[in-house]
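Presented below is the structure to which this report refers.
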Amino acid sequence: MENSLEDLRNKGAGKGLIIGNVSPGFTLEDATGKWITLSEELKKGRPIILIF
């Protein structure tokens with residue numbers, strides 16, 4: 001497990017965006033099982049994304 005975590009850290013995983021950076025496009029499943037695409041949500045306004 002520790003080797004896997006170190007490998008991810010070395011690849012830059014876990015680094016967030018800096019304020020003002022542009023997020024890459026993505027599709028994620030929401031808490032209700034619905035698939036959400038960033039580009040579609042941006043058409044509705046500024047989305048708020050919570051990851052838990």
Side-chain angles (χ1 to χ4, degrees):
M1 180 73 150
E2 188 60 37
N3 289 340
S4 295
L5 290 173
E6 187 64 29
D7 186 46
L8 287 169
R9 286 186 193 107
N10 291 337
K11 292 179 180 175
K15 294 181 181 178
L17 296 174
I18 296 171
I19 293 174
N21 282 11
V22 176
S23 173
F26 59 82
T27 301
L28 297 172
E29 190 175 3
D30 72 8
T32 66
K34 180 180 173 188
W35 288 95
I36 304 293
T37 301
L38 178 60
S39 60
E40 292 301 314
E41 294 304 309
L42 285 169
K43 291 176 184 176
K44 302 173 190 176
R46 292 183 174 183
I48 297 174
I49 302 166
L50 303 174
I51 300 174
F52 54 93

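For the single chain, residues carry numbers from 1 onward in sequence order. If you're wondering where the values come from, they're calculated on a predicted model, not measured in any experiment.
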Distance, nearest 0.5 Å, that separates CZ of Phe26 from CD of Glu41: 9.0 Å
Ile36 side, atom CD1; Asp30 side, atom CG - distance, nearest 0.5 Å: 4.5 Å
Looking at Leu38 and Pro24, what are the two nearest heavy atoms and their distance? CD2-O, 3.7 Å
Is the side chain of Asn10 donor-acceptor paired with the backbone N or O of Glu6 at a distance under 3.5 Å, no angle test? yes
Check against salt bridge (Lys or Arg N to Asp or Glu O under 4.0 Å), Glu2 and Arg9: CA-CA 11 Å; Glu2 188 60 37; Arg9 286 186 193 107; 3.8 Å; yes
